Amino acid sequence: MSAALKIEQFNLLDDDDCAARIRAAKKLLGSRLAILGHHYQRDEVFKHADFTGDSLKLSQLAAKTDAEFIVFCGVHFMAEVADIVTGGERKVILPDLAAGCSMADMANLVKVRKCWSEISQVIDPDDKITPVTYINSAADLKAFCGAHGGIVCTSSNARGVLEWSFSRREKVLFFPDQHLGRNTGHRMGIPLEQMVLWDFTKPMGGLTEEQIRQARIILWKGFCSVHQMFHPAHIEKFRREVPGGKVISHPENAFEVCEHSDYVGSTEYILRTVRAAEPGSHWLVGTELNLVNRLKDEMKPRGVTVQFMSPMVCMCSTMFRTDPQHLAWTLDNLITGQVVNRIQVPREIAVPARAALDLMLEVVD
Ligand code: 13P
Ligand code: SF4
């Protein structure tokens, strides 16, 4: 077997050269290869994806594919999920290993175990609390949920997952995204004061025993750096300037942004809703810029206008790490028989993590 090709050579290629190489490699690899692309990927990468979707759809597609190689144009936790749900039987590749998720990094196993043990000084968490991790988290946190009767959710199915969780135990520990947890809980009718914030930098999460006893949802103090750029003032300005316009936001946005929006849902939901909009309608969209720009171009010929919520350019910088150079590099290596940047979750983590993921896929379809 030849030595692996080096990324340095590919970094010198321009995007058009990379696109030609990617197309040629896809032809040669045929059905052995499936390229999955998240909606936040930049155009130069997104256009090569065989399948596109939100986190839920991509994990379902990964579980179904027969391809030998799954090249995941997304972020690290998504590639981990693909490896876990395929039982390690496919070779899952993340073109740039630095493509992480800053929100996922806001929770880790040490901190979550510490939280669980601190809560156990007040109530028995294994009796009273279902741990729910947003899919935007490391595999060992999914394993933690699997080992403690918990479950995974995405932004598409958070409500169904919370309903399932409350049917089993009276409280939920939700990590790492406070906003998805709060927004979902609020829409289920849970009062804000019964959703308390666990500040992992403080002893007992900065909460009193009484607050822990009263809480229905204990929210981890994590957030998405992209969605924190959107504010109610952006919505108010749009409503002043575009009377009758519609506002649609991702549930990773702050509570106030979601409250001021007409529709709230995952990236797939946002696309579905705007694509079904009346000609002549106007939309303000609160999610990542690459998705919004593509949607804007797509809807223009149908007479639907789409506007990005923030005046700032805010992209997901970690999603952005996957560029055509890295994609071409991974595919050209596959042609020479080299698998670079394979994501393999150790079995002792993958097995309990899969239990929590399979539950999610069963509980809410
Ligand atoms: P969805 O793809 O589930 O909408 O989530 C957006 C996101 O932030 C992915 O990391
Ligand atoms: Fe993570 Fe936010 Fe980027 Fe999604 S958009 S991958 S939550 S940092």
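Since this is a predicted model, take the numbers as computed values, not measurements. Ligands are counted one by one from 1 in listed order, and the atoms in each one are counted from 1 as well.
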Hey, which residues fall under 4.0 Å of ligand 1 on heavy atoms?
His38, Tyr40, Asp54, Ser55, Phe77, Met78, Tyr134, Asn136, Ser155, His250, Glu252, Ser266, Thr267

His39 versus Glu268, side-chain donor and acceptor atoms under 3.5 Å:
yes

Check Lys26 with Asp50, please: is the shortest side-chain N to carboxylate O separation under 4.0 Å?
yes

Between Asp124 and Lys128, does any NZ, NE, NH1 or NH2 come within less than 4.0 Å of an OD or OE carboxylate oxygen?
no

Which residues pass the side chain to side chain contact (heavy atoms under 4.5 Å, CB included) test with Val226, not counting sequence neighbours?
Cys224, Glu288, Cys316

Leaving waters out, which protein N, O or S atoms fall under 2.8 Å from atom 3 (Fe) of ligand 2?
Cys316 SG

To the nearest 0.5 angstrom, please state how far the CG atom of Leu56 sits from the CD1 atom of Ile135.
7.0 Å

Hey, can you tell me if [X] and [Y] have their rings parallel, tilted or perpendicular (30° and 60° cut-offs)?
| X | Y | answer |
| --- | --- | --- |
| His227 | Tyr40 | tilted |
| Tyr263 | Tyr269 | tilted |
| Trp329 | His326 | perpendicular |

So if I apply the ring-ring contact (aromatic ring centres under 6.0 Å, His included) rule between Phe255 and each of His231, His260, His186, which one comes out positive?
His186

Show me the pairs that pass salt bridge (charged side-chain N to carboxylate O under 4.0 Å, His left out) and involve residues 14-24, at least two apart or across chains.
Arg21-Asp332

Heavy-atom contacts with Glu252 under 4.0 Å: which atoms of ligand 2 show up? List them by number with element.
2 (Fe), 7 (S)

